[in-house]
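Per chain, numbering begins at 1; letters A, B, ... match sequence-line order.
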Protein chains: 2
Amino acid sequence: MIDKRQILSANPLLSGLPADVVEQLMAVSVVRTLADGQCVYSQGDEGDGLFGVIQGRVRLSNTSKDGKELLVMLVEPGDWIGEISLLDGLPRSHDAFAMGECAVLFLPRAKFDSLLKARPELYQHFIPMLCRKLRLALSYVEGAALFSLTERLAQRILELLTFYGVDDGGSGRLIDVHLPQEDLAKMLGVSRQAISRELKRLETEGVIELSYGKLRVLNKAALERELA
Amino acid sequence: MIDKRQILSANPLLSGLPADVVEQLMAVSVVRTLADGQCVYSQGDEGDGLFGVIQGRVRLSNTSKDGKELLVMLVEPGDWIGEISLLDGLPRSHDAFAMGECAVLFLPRAKFDSLLKARPELYQHFIPMLCRKLRLALSYVEGAALFSLTERLAQRILELLTFYGVDDGGSGRLIDVHLPQEDLAKMLGVSRQAISRELKRLETEGVIELSYGKLRVLNKAALERELA
DNA sequence: ATAAATCTGTCAACTAGGCGACACTGTTGG
DNA sequence: CCAACAGTGTCGCCTAGTTGACAGATTTAT
């Protein structure tokens, strides 16, 4: 459990903000709790504000007409979502759902807008985050078009390790990824069976170790060698 | 042929800038001419500055080890490229090549950096462009994972029409896309043959008309109906 | 302790799209 | 005008990944 103030100051987005701005944001933000599977916002909704995850996980996804889901991003405590709609005024580009019990901090759009209007120099704090997301999205586009599933999977496991890796081995390094193969498949836009086959291959090669709902990376260097 | 000042003021990126800033940029920018196929910059290069296209077309692409190319974007006169590396200081994310004879405006990084440092409120002018590119990239990721080639092709033709459409019918509407099928294939990350088949189908359905190096949209509404 | 739910492994049949090949058409440059 | 080049249409074979099905393993809930 991370508290409100910690969220507001820990994230790169806000850590560079002047103290008085952080105080202002503290004052106008409210905590919302969400049940498992509850919707934070839906694709196409108007952007009513910014959300910071305090507890639990939020999944950002797109769903096609025929029900196939693309899992775009997992958002962990300390991260923010919903800033794009806030910045460009256009509708939400994804669905956001709570995974398990969640607590989020909500900053209403009106407060944020008036703050930015009064102090346009604050826009600079959004630039690094936007650039990072843009580069990540572009690398996904590139990967989907140019790389094999094998390569994309290795890449994604390494990413997940740095973003959400858990140190379950006591080694001090992040080696475990807690995520069902189904979700890994939805991240890469392929079937669960295809992911299962690839993971099994990696396991027989001694690169990873599989268990119920998680995988452990045994040989990070070997994964890096799989990359394009 | 578009002149230097027009470039600096016509684009959304800079049209909102204060007049004195535009004058400053004018003073420090230089025009470079490029031969067909010449490299503007390469993936992995350090970001040495910002480029504005004055004449010709620039293609932004990624190439895999085995030579397969993903055509990410076509940049036309009036548009800017290279701003991401300038903003986040990381290497170029794509290759940029001149298509035919080109003229570009070059703004060296040092001048730009010092201007932004002196006037951080100028950062806000980059936000809309970054948001637009991020949403576009995210829609490509979504498309690649969730939509069929048929749907993605229809989507992309409509996009090309609004971005680069040419009015060759005298109707006042943009109906022609001048682009070989090979490039269309490279944009969608599929083979030329697959694109050829799909386009031929659309032609027999009376939606488009094909000729050497271009296609004409006859029934835009039908294309929109193809979308997911 | 047991039932329900979730997750994994692995079939076999199917399909979209890749790749190589080659003929043909349109364009450009000497 | 002709040669070289660039672009298109269409084969046939092949592979990666899909879909559906089902059994076994692990976890969670009662």
Side-chain angles (χ1 to χ4, degrees), chain A residues 35-37 59 64 66-71 99-101 143-154 156-157 168 176-205 208-216 226 228, chain B residues 36-37 57 59 64 66-71 99-101 143-154 156-157 168 176-205 208-216 226 228:
Chain A
D36 179 39
R59 69 193 285 143
S64 68
D66 52 338
K68 191 176 172 190
E69 185 190 16
L70 171 71
L71 182 47
M99 298 173 81
E101 296 255 312
L146 299 181
F147 303 150
S148 70
L149 176 55
T150 307
E151 292 166 323
R152 281 181 292 145
L153 177 57
R156 196 61 72 109
I157 291 174
D168 277 6
D176 280 6
V177 177
H178 289 256
L179 206 61
Q181 298 181 4
E182 179 82 44
D183 281 352
L184 213 41
K186 284 177 176 171
M187 288 190 148
L188 295 168
V190 297
S191 67
R192 178 186 64 80
Q193 291 91 325
I195 290 292
S196 178
R197 181 170 29 78
E198 286 296 319
L199 288 175
K200 211 63 198 166
R201 191 182 54 75
L202 287 173
E203 190 178 42
T204 61
E205 289 172 5
I208 60 174
E209 185 183 289
L210 295 173
S211 47
Y212 189 90
K214 85 174 192 210
L215 64 88
R216 168 166 298 178
E226 297 263 357
Chain B
D36 179 39
R57 251 187 196 172
R59 67 193 287 144
S64 69
D66 52 338
K68 192 176 172 189
E69 185 190 13
L70 172 70
L71 182 46
M99 299 173 81
E101 297 255 310
L146 299 181
F147 303 149
S148 69
L149 176 55
T150 308
E151 291 166 324
R152 282 182 292 144
L153 177 58
R156 195 62 72 108
I157 291 174
D168 277 6
D176 280 5
V177 177
H178 290 256
L179 205 63
Q181 298 181 5
E182 177 81 45
D183 281 352
L184 213 41
K186 284 176 175 170
M187 288 188 147
L188 295 167
V190 297
S191 68
R192 178 187 63 79
Q193 292 93 322
I195 290 293
S196 178
R197 179 172 30 78
E198 286 298 318
L199 288 176
K200 212 61 198 167
R201 190 182 54 74
L202 287 173
E203 190 177 40
T204 61
E205 288 171 6
I208 60 174
E209 185 183 289
L210 296 172
S211 46
Y212 189 89
K214 85 173 194 210
L215 65 87
R216 168 166 297 178
E226 298 264 357

For B:Ala194 and B:Leu149, work out which heavy atoms get closest and say how close. CB-CD2, 3.9 Å
Whole-Å distance, B:Leu215 CG to D:dG7 P, equals 14 Å
Run the side-chain hydrogen bond (donor to acceptor under 3.5 Å, both in side chains) test against B:Arg192 and tell me which residues pass, sequence neighbours left out. none
With the threshold set at under 4.0 Å for non-hydrogen atoms, list the residues of residues 190-199 of chain A touching DNA chain D in residue-number order. A:Val190, A:Ser191, A:Arg192, A:Gln193, A:Ala194
Which residue lies toward the 5' end of DNA chain C, A:Lys214 or B:Ser148, if each is placed at its nearest nucleotide? A:Lys214
At how many degrees, to 10°, do the end axes of the helix from C:dA1-D:dT30 to C:dG30-D:dC1 meet when each uses five pairs? 50°
Do B:Glu198 and B:Val190 touch side chain to side chain, with heavy atoms closer than 4.5 Å? no
Expressed in angstrom and rounded to an integer, what is the separation of B:Asp36 atom CG from C:dT28 atom P? 13 Å
Shortest non-hydrogen contact from A:Leu153 toward A:Leu199: CD2-CD2, 4.0 Å
Given atom NE2 of B:His178 and atom C1' of D:dG7, what is their separation to the nearest angstrom? 15 Å
Under 3.5 Å donor-acceptor pairs involving side-chain atoms of residues 182-189 of chain A, not counting sequence neighbours:
unit_1	atom_1	unit_2	atom_2	d
A:Asp183	OD1	A:Arg59	NH2	3.3
A:Asp183	OD2	A:Arg59	NH1	3.4
A:Lys186	NZ	A:Glu69	OE1	3.1

Atom OG in A:Ser211, atom CG in A:Asp176: separation rounded to 0.5 Å? 7.0 Å
Nearest non-hydrogen partners of B:Ser64 and A:Leu146, listed with the distance: N-CD1, 3.8 Å
What's the spacing between B:Ile157 CD1 and B:Glu226 CD if we round to 0.5 Å? 9.0 Å
In whole Å, I'd like the distance from the CD atom of A:Glu182 to the P atom of C:dC7. 8 Å
Atom CG of B:Asp66 to atom P of C:dG18: distance rounded to whole Å? 13 Å
CG of B:Leu179 versus C1' of D:dA6: gap in Å, rounded? 14 Å
Nearest 0.5 Å, what's the CG-CG distance between B:Leu202 and B:Leu210? 8.5 Å
Could you state the CZ-C1' distance from B:Arg152 to C:dA16, rounded to the nearest angstrom? 11 Å
Check the distance between C:dT8's P and A:Ile208's CD1 and give it to me in whole angstrom. 11 Å
Suppose we screen for side-chain contact (heavy atoms from CB on, under 4.5 Å). Which residues come up paired with A:Glu101, at least two apart in sequence or across chains? none
Shortest non-hydrogen contact between B:Lys68 and A:Ala145, atoms and distance: NZ-O, 3.2 Å
Check the interface with nucleotides 23-30 of chain D: list each N/O to N/O pair with the protein under 3.5 Å, or write none.
none

